[in-house]
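In what follows, a single structure is set out as structure tokens and then discussed.
Side chains included, hydrogens not; waters and symmetry mates left out as well; all remaining heavy atoms used. Every chain is numbered from 1, with letters handed out A, B, ... down the list of sequences.
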Protein chains: 2
Amino acid sequence: MGDQQFKSTVELTLKVIGGKWKPVILCHLTDGVKRFGELKRDMPEITQKMLTQQLRELEQDEVIHRKVYTQVPPKVEYSLTDHGQTIKEVLDVMALWGQGHLERRRG
Amino acid sequence: MGDQQFKSTVELTLKVIGGKWKPVILCHLTDGVKRFGELKRDMPEITQKMLTQQLRELEQDEVIHRKVYTQVPPKVEYSLTDHGQTIKEVLDVMALWGQGHLERRRG
DNA sequence: CAGGATCCGAACCGATACTG
DNA sequence: CAGTATCGGTTCGGATCCTG
């Protein structure tokens, strides 16, 4: 992989799964299918607006799937796509590095 | 690793190496020691202000080292710390995932 | 229940000018 | 050469209110 391409793919990855909320959302979705309200309960700090917005973007990037049940009251389920599943290892590596970083700054 | 801890270490990693410029800067520093002006030339799109700012933050997080030569004209060299070297694999994994993401959206 | 719409402050980022 | 200082635009994020 060329140097320029390396940089741009790293940037692309951060555009798709970076930012304040997306990694957290993705972590929760690694547990399996979740409803909107469940995700909201899992992340009390996030606002409804942000949650909706970030979910839409993840959906556009085909990282998560949005399944709408046409019923009253509404029900919407979110889950990782097959492609989205592959993000787990990226999150794992990031978690490991963060872990090492923490320990290093303490000891 | 607990679920909460997993999330927070992922977030920590993104705080340290995430954002618009840091990954690019780190990519360039994987080549070895670079002077300020070299980095600036490597990244024509970044402003001097942003480059300085991001370098300071990376230095504070002990990811890069800043060596000042007290001379005229000034000379400052930046390099990855030993700890910073460990970021390479994180960048690698992100680059790989981005690569796959690209190919998937084309095919 | 799962959102859409609106308003507003904060943070991010860039352009420019200046300096030891 | 390697910055610092200042200003202004844009984007991000949160609070609040409204709806099928």
Side-chain angles (χ1 to χ4, degrees), chain A residues 7-8 10-29 31-61 64-80, chain B residues 7-8 10-29 31-61 64-80:
Chain A
K7 281 179 288 177
S8 58
V10 169
E11 291 178 85
L12 175 61
T13 300
L14 284 174
K15 279 190 71 166
V16 175
I17 69 165
K20 186 171 178 181
W21 297 115
K22 285 176 184 172
V24 186
I25 294 172
L26 291 170
C27 282
H28 284 292
L29 286 178
D31 294 344
V33 179
K34 296 253 181 151
R35 293 185 59 171
F36 183 86
E38 272 182 281
L39 285 171
K40 183 70 188 70
R41 271 191 300 281
D42 288 343
M43 297 178 276
E45 341 77 63
I46 198 174
T47 61
Q48 212 168 28
K49 171 190 164 184
M50 280 295 117
L51 182 53
T52 303
Q53 185 179 305
Q54 305 296 304
L55 286 169
R56 288 292 183 283
E57 293 181 15
L58 289 169
E59 190 193 356
Q60 282 214 338
D61 287 325
I64 67 173
H65 178 68
R66 179 169 180 262
K67 179 164 187 181
V68 183
Y69 294 83
T70 353
Q71 63 178 45
V72 180
K75 176 179 172 183
V76 180
E77 283 179 349
Y78 293 93
S79 56
L80 294 179
Chain B
K7 280 179 289 176
S8 55
V10 169
E11 291 178 83
L12 175 61
T13 300
L14 284 174
K15 278 190 73 167
V16 176
I17 70 166
K20 186 172 178 181
W21 297 115
K22 285 176 184 173
V24 187
I25 294 172
L26 291 171
C27 283
H28 284 293
L29 285 179
D31 294 344
V33 181
K34 297 252 182 153
R35 294 185 59 171
F36 184 86
E38 274 183 280
L39 286 170
K40 182 70 189 71
R41 271 191 300 281
D42 288 342
M43 297 177 275
E45 342 77 64
I46 199 175
T47 61
Q48 212 168 26
K49 172 189 161 183
M50 279 290 115
L51 182 53
T52 302
Q53 186 179 307
Q54 305 296 304
L55 286 169
R56 288 292 184 282
E57 293 181 17
L58 288 169
E59 190 193 356
Q60 282 214 337
D61 287 324
I64 66 173
H65 178 67
R66 180 168 180 261
K67 178 165 187 182
V68 183
Y69 294 84
T70 355
Q71 61 177 47
V72 181
K75 177 178 171 183
V76 180
E77 283 179 348
Y78 293 92
S79 56
L80 294 179

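- Across the protein-nucleic acid pair, A:E57 atom CD and D:dG13 atom C1' stand 12 Å apart, rounded to whole Å.
- Counting heavy-atom neighbours within 6.0 Å of B:Q60 CD, excluding the residue itself, gives a total of 12 or less.
- With rounding to whole Å, B:I25 atom CD1 is found 13 Å from C:dC13 atom C1'.
- Around the NZ atom of B:K40, the shell of radius 6.0 Å holds more than 12 heavy atoms that belong to other residues, nucleotides or ligands.
- In this structure, CZ of B:R56 is placed 5 Å from P of D:dT4, rounded to the nearest angstrom.
- Remark: side-chain polar atoms of A:K7 are not paired, donor with acceptor, to backbone N or O of B:I25 under 3.5 angstrom.
- Contact between A:I17 and A:P23 at its shortest, heavy atoms only, is O-CD, 3.2 Å.
- Taking side-chain N and O atoms only, A:R35 has no distance below 4.0 Å to OP1 or OP2 of C:dC1.
- When distances are taken from the side chain of B:T52 to each of D:dG13, D:dT4, C:dA2, the shortest belongs to D:dT4.
- Straight-line distance from the CH2 atom of A:W21 to the C1' atom of D:dC12: 12 Å, rounded to whole Å.
- Within a heavy-atom distance below 4.0 Å of DNA chain D, the residues of residues 37-48 of chain A found are A:T47.
- Comparing A:P73 and A:Q53 by the nucleotide of DNA chain D whose heavy atom lies nearest to each, the residue mapping closer to the 5' end is A:Q53.
- Atom P of nucleotide D:dG3 and atom CG of B:L55 are separated by 8 Å, given to the nearest angstrom.
- At a threshold of 4.0 angstrom between heavy atoms, the contacts of B:Y78 are confined to the sugar-phosphate backbone, with no base atom among them.
- Distances shown here put every side-chain N or O of A:R66 at or beyond 4.0 Å from the OP1 or OP2 atom of C:dA2.
- Of the candidate nucleotides D:dC1, D:dG13, C:dG3, C:dG3 has the atom nearest to the side chain of A:F36.
- Distance B:E77 CD to D:dG3 C1': 16 Å, rounded to the nearest Å.
- Atoms NZ (B:K75) and C1' (C:dG20) sit 19 Å apart, rounded to a whole Å.
- Taking both residues in full, the closest heavy atoms of B:K22 and B:E57 are given as NZ-OE1, 2.7 Å, listed atom of the first, atom of the second, then distance.
- Considering all non-hydrogen atoms of both residues, B:S79 and B:V33 come closest at CB-CG2, 3.9 Å.
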Side-chain donor-acceptor pairs of residues 67-77 of chain A under 3.5 Å, sequence neighbours excluded:
unit_1	atom_1	unit_2	atom_2	d
A:Y69	OH	A:E77	OE1	2.9
A:Q71	NE2	A:P73	O	3.4

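- Protein atom CE of B:M50 is 18 Å distant from nucleotide atom P of D:dG8, rounded to whole Å.
- Taking only side-chain nitrogens and oxygens, B:K49 never comes nearer than 4.0 Å to OP1 or OP2 of D:dA2.
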